Amino acid sequence: MSDRGSQSEQITYAGAGVDVEAGDKAVELMKADVRRATRPEVLGGLGGFAGMFDASAIARMDRPILATSTDGVGTKVAIAQALDIHDTIGFDLVGMVVDDIVVCGAEPLFMTDYIATGKVVPERIAAIVGGIARACQQAGVALIGGETAEHPGLLEPDEYDVAGAATGVVEYAAVLGPQRVRTGDVVLGLASSGLHSNGYSLVRKVIAHAGWALDRHVDEFGRTLGEELLEPTRVYSRDLLDLIGTDGVDLHALSHVTGGGLAANLARVLPDDVFARVDRSTWTPPAVFSTVQRLGRVPQADIERTLNMGVGFVAMLPADQAELAVATLAKSGIVAWPMGEVTALEDAHIEDGVEVVRGAKGVDGGSVQVVGSHPGTTGNARPSSGPPSGVMAMRDHVDLEAANEPVRGD
């Protein structure tokens, strides 16, 4: 029996589908962008085996608490690949990672990324990393390391996935979370820039079922479907850190509205003895949400468990500070509005027949009920019995479609 193939045939790494030279070229193309995503504490440069960060300042803190997070962007990469636009997906990655860190009040310090692809195309990898670097620069985070891996046979040549991890720090006494939340706190909504990076499996299923092409112009969006779906995730961390440091604002808790939706992520940062009532009548989600729901006939409960519905972050703070917080965020271009309040669970007005979410993702948290209907919509949501407190008079309703111009990442 003879061996398969010719004994004289030479098998190389390149022949197996891995192009080391292409990887080196990608590094050269991304250098300029990565150099700008830095901080004074960064030691060394691109190409080391490990990124180094001078932690001397942390050592001078009273009780420094390190915070870390890791994430990806899910199947939104499929939209980038279909459109062959790769310089915005980095904003989605950075937003998903560093904005989880700021939830506890920590300042994100540095980040690393990982890109797996079927074939290294230097210009494409450089575009992805360039977007990551620009988003890090916007967030005040150093991009101190990364890895690009070529996986021929596992991924198609034009396929890739991205992931990242970041580390931050906060004084123990300044940690935000359920322990600070008080009855009477206002629930403040912060507008998203659109879908962000969650729920794309549902969205892609809906548009495929409807037969909509990505180059289809949608009047309600004022642009093509693909442009709307690729809108970069808003990166909140630096603006939220500014809000935390604002005199007269005592933030108690923050919630990043990602997978699981508004109610579940809010419940995660509430103590188990309180109840938050959120009123849909205080805002109108951008058109992409109603379009997805209409095209797919998606039940209200399902879409709210999957998409952010125009709310990218939630903040809780004393009601008499809400107006200052709204004005401070407005200076950063973030639309915010009071959308509900926190009460003691034992005294809560809970509407019959409306789901109450209690805790989420393994957290034994508080209870959240979302009531009413968004203005201009009908559906299976019960009518609201009115705003929960006087803070609603500050901003009776926010039309996010009118208030938020698309946020571009470039």
Side-chain angles (χ1 to χ4, degrees), residues 91-92 95-96 98-99 102-103 135 138-139 185-198 220-223 227-228 231-246 248-249 251 253-258 261-263 265-266 276 278-291 304 307-317 319 321-341 370 372-377 384 387-389 391-409:
F91 280 78
D92 300 290
M96 290 298 101
V98 305
D99 284 347
V102 79
V103 164
Q138 178 181 312
D185 279 357
V186 65
V187 179
L188 204 68
L190 280 63
S192 70
S193 57
L195 294 170
H196 284 184
S197 300
N198 297 101
E220 293 88 344
F221 304 161
R223 52 182 172 176
E227 289 172 328
E228 180 69 30
E231 179 65 32
T233 299
R234 184 189 295 275
V235 180
Y236 297 87
S237 57
R238 176 172 277 179
D239 299 318
L240 286 173
L241 288 171
D242 288 343
L243 181 64
I244 291 169
T246 299
V249 173
L251 276 184
L254 291 168
S255 177
H256 192 190
V257 183
T258 56
L262 172 60
N265 283 290
L266 177 54
V278 173
D279 192 339
R280 295 185 188 92
S281 71
T282 60
W283 85 99
T284 299
V288 65
F289 298 97
S290 57
T291 299
E304 290 187 337
L307 305 180
N308 67 56
M309 302 305 292
V311 184
F313 245 91
V314 174
M316 276 155 287
L317 69 166
Q321 299 175 13
E323 188 171 5
L324 175 58
V326 169
T328 301
L329 290 166
K331 293 177 183 177
S332 300
I334 298 175
V335 175
W337 69 98
M339 63 193 317
E341 70 169 358
V370 183
S373 297
H374 298 298
T377 66
S384 169
S389 74
V391 299
M392 283 296 180
M394 291 172 39
R395 184 163 296 200
D396 295 328
H397 162 244
V398 174
D399 184 345
L400 298 186
E401 195 68 36
N404 255 346
E405 288 297 318
V407 178
R408 297 312 308 175

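Not measured: the values here are computed from a predicted model. Only this structure's heavy atoms are used, side chains among them; waters, hydrogens and symmetry mates stay out.
A distance of 7.0 Å separates CG of Leu317 from CG of Asp185, quoted to the nearest 0.5 Å. The line from NE2 of His196 to OG1 of Thr258 is 10.5 Å long, rounded to the nearest 0.5 Å. To the nearest 0.5 Å, atom CD of residue Glu341 and atom CG of residue Leu188 are 13.5 Å apart. One finds the CG atom of Leu240 at 6.0 Å from the CG atom of Leu190 (value rounded to the nearest 0.5 Å). Residue Met309 holds its CE atom at 8.0 Å from OG of Ser290, rounded to the nearest 0.5 Å.
By the ring-ring contact (aromatic ring centres under 6.0 Å, His included) test, Phe289 is found to be paired with no residue, residues two or more places apart in sequence or in another chain being considered. For Ser237, the side chain to side chain contact (heavy atoms under 4.5 Å, CB included) partners are Val98, Asp99, Val102, Pro108, Ala139, Val235, not counting sequence neighbours.
The nearest pair of heavy atoms linking Tyr236 to Ile334 is CD2-CD1, 4.0 Å. Counting all heavy atoms, side chain and backbone alike, Pro375 lies closest to Arg280 at CD-O, 3.8 Å. Nearest approach of Ala322 to Val186, heavy atoms of both residues: CB-CG1, 3.7 Å. Shortest non-hydrogen contact noted between Leu329 and Ala336 is CD1-CB, 3.7 Å. Scanning all heavy atoms of the two residues, the minimum distance from Met316 to Leu266 falls at CE-CD1, 3.4 Å. Smallest separation of non-hydrogen atoms from Val311 and Ser192: N-OG, 3.9 Å.
The aromatic rings of Trp283 and His374 stand perpendicular to each other, their planes meeting at an angle above 60°, with 30° marking the opposite boundary.
With hydrogens and angles ignored, the 3.5 Å screen pairs no side-chain donor or acceptor of Thr328 with any backbone N or O of Leu243. No donor-acceptor pair under 3.5 Å is formed between the side chain of Thr246 and the backbone N or O of Ala325. In terms of modelled atom types and a separation under 3.5 Å, the side chain of Asn308 and the main chain of Leu195 share a donor-acceptor contact.
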Worksheet entry | Gln138 and Arg238: CA distance, side-chain angles, deciding distance, side-chain contact (heavy atoms from CB on, under 4.5 Å) verdict | CA-CA 8 Å; Gln138 178 181 312; Arg238 176 172 277 179; over 6 Å; no
